[in-house]
Amino acid sequence: MRRIRTPKQNKYAGEKVKKDLKENQEMLQQIFHNTIDIKFRNFQIQNQEQTSAFICYMEGMVSEEFIHFNIMDGLAGTNLKDINIDSPRFISILKNQMVKAPSMKETTILDEILDGILTGQTAIFLNQSDRVLLVTTVSFQSRGVEEPETEATVRGSREGFNEVIQTNTSLIRRKINNSNLIFEELIIGKETKTKVRIAYLNNVANKEVVKEVRNRLKAIKTDVVLETGYLEQYIGDHPYSIFSTVGNSEKPDKVAAKILEGRIAILCDGTPFVLTVPHLFIEVFQVPEDYYSNAYVSSLIRIFRIMALFLTVSTPAVFVAAATFHHEMVPSQLLTTMAAAEERVPFPIFLEAIIMIVIFQLLREAGVRMPRPIGSAVSIVGALVIGEAAVQAGLVGAPMVIVVALTAITGFVVTALSNAVILMRFFLLILAGLFGFYGLLIGTLFLVAHVVSLRSFGVPYLTPLGPIVTKDLRDSIIRLPLKFLQSKSKSITRKRL
Amino acid sequence: MFGELTVLRKLMLILFIFITFLSGCWDAQELTEVGIIASMAIDKDENSGEYILTSQYLRPSAESTFVSSQEEPFLIVSIKGRTISELMRKANHKIDRRGFYAHNKIVVVSEEVAKDGLISIFETFQREQEVRSYVWLAVARETSAASILEKKHNSISKLPANFLYSLFDNAEYDAVASSLLTFYKDALEMGNSPVLGVLTIEDERSQKDLSLSGGAVFKKDKLVGFISNEETMAYNWITNKNKNSQKGALTFPYKKNDYITLDLSELESKIIPKATNKSDIALTIKIKKTVEIAEQQEVNNFPQRKEVVQFIEEVEKKAEAEIESKIIQVISKAQNEFQADIFGFGDTLNKKNPKVWKQVKDNWEVEFSNVSIDLDVQVEILNSGLIQGSLKPKQ
C-alpha cells in the first residue's frame, strides 16, 4: 500500500457547472477519464420544452433499483406539459414530487458534484440549467455485522463493527440512546477522501480533549487513509514510542463503554477498528467481560493478566540471565535439571533463546498470514518439529522450549499490547544476555521511565497508577463491584490540558 | 523520543553501542562449562601433613530425562595440597568443568583437621566468598571425611549431598545442625564455643549406614571431644538456638520397664547470670518445656478425672528430674572434661554483667569450670492424647 503523491490537488476547486447539457456530460466524461464504472442515462422530461436531461452515477456504489423506482419513474414518467423549466415551480415539483429520496441537495459547484458521484450519489443534470440535484442513492455490498475475530468473548455482545462507517455509527448509537452522543464528520486524505467520524458524549467528555482530537485530525496532511492505523500514527502523542497511546477495538459495546467514560471514539470508513482516546496503560488489562461477570473473578483474572504481561516480557530474559550469569540464584535441584537439559545443546543459552523466540515469531506470523486450508501444516511443523524434535535432536534444551511456550502463551493474554511486548522482550533479552540481571534491571528501569513519561491527549499514560488517582484505583488492578463504579471516573475527564 | 540526530546524540549512540557490545558477557558462564559442587570434605594426609580436598561434583547428564544413564549422578574428586584455595583451583585441572561452589551444601571435616583448628583452613571461604556461609558443617567421627561423601545404603536420594542435606534438615535435638555462619559466630564470640554436628558411619547388617547424631565440642575453633546423643539433647535444650532444638521426643522409664515418651512442642530456655565479683559467679538456667504425651507403655486406666491429673503431675515431675540429670551431666562434662564454654555462659555474663566479665574474661576457660549452676526446669504436659488412660483389655 504505497502512498502516492500528486502535486496538484482539487483541480476543479471553485469551478461551476455549465448550462449546456452536452457540455456538462462531455466534461464529466473527461474528468473521469471515461472510466467504465461511471454511468450516464439520458432522457427527456415531459414538460413544455421537452427538456433533455441525464443522470450520472457510479456503478456499484448506488442502488439501481432505487434509481429506477424513485428517480427515473418520476422524472421521465411525470407529465408536466404546462410547466416551464425556468419557472420556480419546476424545481420545487422536481424536488418534492418527482424525485422520491430521503436526502438530496442542490448545487452548482462542480467539486461537490464530483465528490457526490464518487460517494454514491446520483447527479441529475438538466439542459439549460446550471443547478444540479444530488440525490443520495448510496448502496453497496458490505460485510454483515459479525462477531469480531480479534476480540472473542464468552459472555457479552457478539456484534462487531464492519467496514461501513454508517453501520458502525448506528452500532454505537444503538448502545447509547442519548441525545448527548454526538458524531462529527471530517474528510481526511486528499486522494482517498475518507470519511472519519468522531463520537463523544457532550456532557461527559472533556471539551478540551474533543477540541484537541478535532484539531489533530484536521492537521493530518496525507493523501491516503485506509485504516484507523494511519490516523493512530498521525494523532498519537508519541509517534516514536513503542507504546501506542491510542486504543482500538472492534466491539461496539467496548467502544460505547469507553465513550460513556468520557473518551472520544474515532471511526474511519473502510475499517472495523475504531480508535478511542485518551488511551491509558491500564486499559490493556480491561476486558468487557470483566464488567459482565462477578467482581471477584474479574479481579483475579485481571491480576493474572498483569502477571502475564510481566512474564511474557521478562521470562526469557530472566532465564538467560540466571542460566549464564547467576547460577547461584537458581535452586540447586532446578539448576541440576537445567544443566542436565543443556548438556547436549551445542549453543549458548542466549543464542538458544534468541533462536527459539525468532522461530516462534515466524510461526506466529505464518499462522496469521497463511491461507486457512493449509493452517494445520504450520501447527504440525510448529509443535512437532520446533518443540519435540528439536529437543530430541539435542538442538534445544527442554527448559528453553517451556520458557518460550510460557512466553508465547502469556503473550496471547495481553493482545492489546502485543506489538510493544515483542520489542520489550527482545530488548530485555539482549540486555540480560550481555549483562545478566544488571542489564535486566537497567532495561526495566529504562522501560518504566519511558512509560511514566508518556501521555495520551494530556492524560498521563499510567493514570490512575502514576499519578495515583485514588478514586479510579477501584477499576485498575482489581475491579470493585459495580456498586462502587457507579459514579463517573476522573482520570479521563478531569481538566488538565 | 529520537528527534534529529545531532552530533551529541550520534556520539552518545556510538558510545552506547560500544559500551553494550564491548563490555558485555565478560562473566558469562554457560551451564555446560560449570561443574556444580554439591558437597566438600576436608581430610589431612597423615604422612605429608597436606590437606586432601574431596569434592562431590554433580553429573547433570545422569539426571537427563531423555537418555537414561547408568552413571551415578555425581563424581568424587580428591586433590592433595597445602591450602584450600589452592586445592579448589587444582581441582579445575583434574576435572573437565570449572568448579562452582555456590551450591555447595555441606562441608565435612575429619577429626584430625578439626583438632588443628578450622578458622585457618576456612579462611578462603570468607575471603573469596565462593562457598556460602549457610553450608552445613559437620565432623566425621572415626572415619575419613571423604568416605562420608560416598553413596550410602540408607539414602533415598540419588545424590549423597541431598541425602546429607536432608539429614541436617530433619535433625532433632539429639543432633547438632550447625552452619558455617553459626560456627563462626560461636567461635569468634567472647565466652562462647561452637558445637558441630557429627557424622558417623555405623555398620548395620553388613551395610554402611550414615547417621547424624551427637555433637563435636570445640574450644574456639579446635575440636576437643565429643558428646553423646543424650548430652547433645541437654546441650540443645540449654542453648535452644537451632531450629532442631525445638524438635524431638524424650523417652525415659516411668515404672521399672515401662517407658514413656514425651513429644516436645515448645521450648523456652534462659540463662540468668548472677555475680557481684569474679568469685561468686552463679548462673540459673531456666527451661520451660511444653510437651505432649506421645506414648506410655504401662497399661493404666483412670476412671476418675482426679487420677488423670495426678498421673500427669507425676509424669511432669519425673520428666523434670530426667531433664535436670541430663543437663547436669552435659554441663559437668563441659566444665571438667573439655573446659569449653559451649553454652555461651560467658557471653551471657558479658551482656548482663560486663564489669564482672572484664575481670574474668582473660581466664574464662578456667573460671568457667568453677561457675555454679542452678537449674529451674519446668515441664508442662499440654495434651495427653487419650485422657482416660490407655486401652486396657477387660478381664
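Chain letters run A, B, ... following the sequence lines, proteins first, then strands; residues in each count from 1. Computed from a prediction, not measured in an experiment: that's the story for all the values here. When reading the values below, keep in mind they use all heavy atoms of this one structure, side chains included, and skip hydrogens, waters and symmetry mates.
Inter-residue side-chain proximity for A:L335 and B:L31 is flagged as met; some heavy-atom pair is nearer than 4.5 Å. Looking at heavy atoms from C-beta onward, B:F100 lies in side-chain contact with A:H327 at the 4.5 angstrom threshold.
Contact between A:F325 and B:D27 at its shortest, heavy atoms only, is CE2-OD1, 2.9 Å. Closest heavy-atom contact between A:E328 and B:H103: CA-NE2, 3.6 Å.
Here B:S157 contributes atom OG and A:Q333 contributes atom CD; the two are 7.0 Å apart, rounded to the nearest 0.5 Å. Atom CD in B:E30 sits 9.0 Å away from atom CG in A:L351 (nearest 0.5 Å). To the nearest 0.5 Å, atom OG1 of residue A:T336 and atom CG of residue B:N162 are 7.5 Å apart. Of the inter-residue distances, the one linking B:I19 atom CD1 with A:F435 atom CZ reads 8.0 Å to the nearest 0.5 angstrom. To the nearest 0.5 Å, the span separating CD1 on B:I36 from OG on A:S332 amounts to 8.0 Å.
Contact of A:P239 with chain B is not made at all, since no heavy-atom distance falls under 4.5 Å. Of the two parts of B:R59, neither the backbone nor the side chain holds a non-hydrogen atom closer than 4.5 Å to a non-hydrogen atom of chain A. At a 4.5 Å heavy-atom cutoff, the contact between A:A339 and chain B is made by backbone and side-chain atoms alike.
Few gaps surround NZ on B:K152; more than 12 heavy atoms of other groups in view lie less than 6.0 Å from it. Within a 6.0 Å radius of CD1 in B:I156, other residues, nucleotides and ligands contribute 12 heavy atoms or fewer.
Across A:V345, A:T337, A:I349, the residue that shares the most heavy-atom pairs under 4.5 angstrom with chain B is A:I349.
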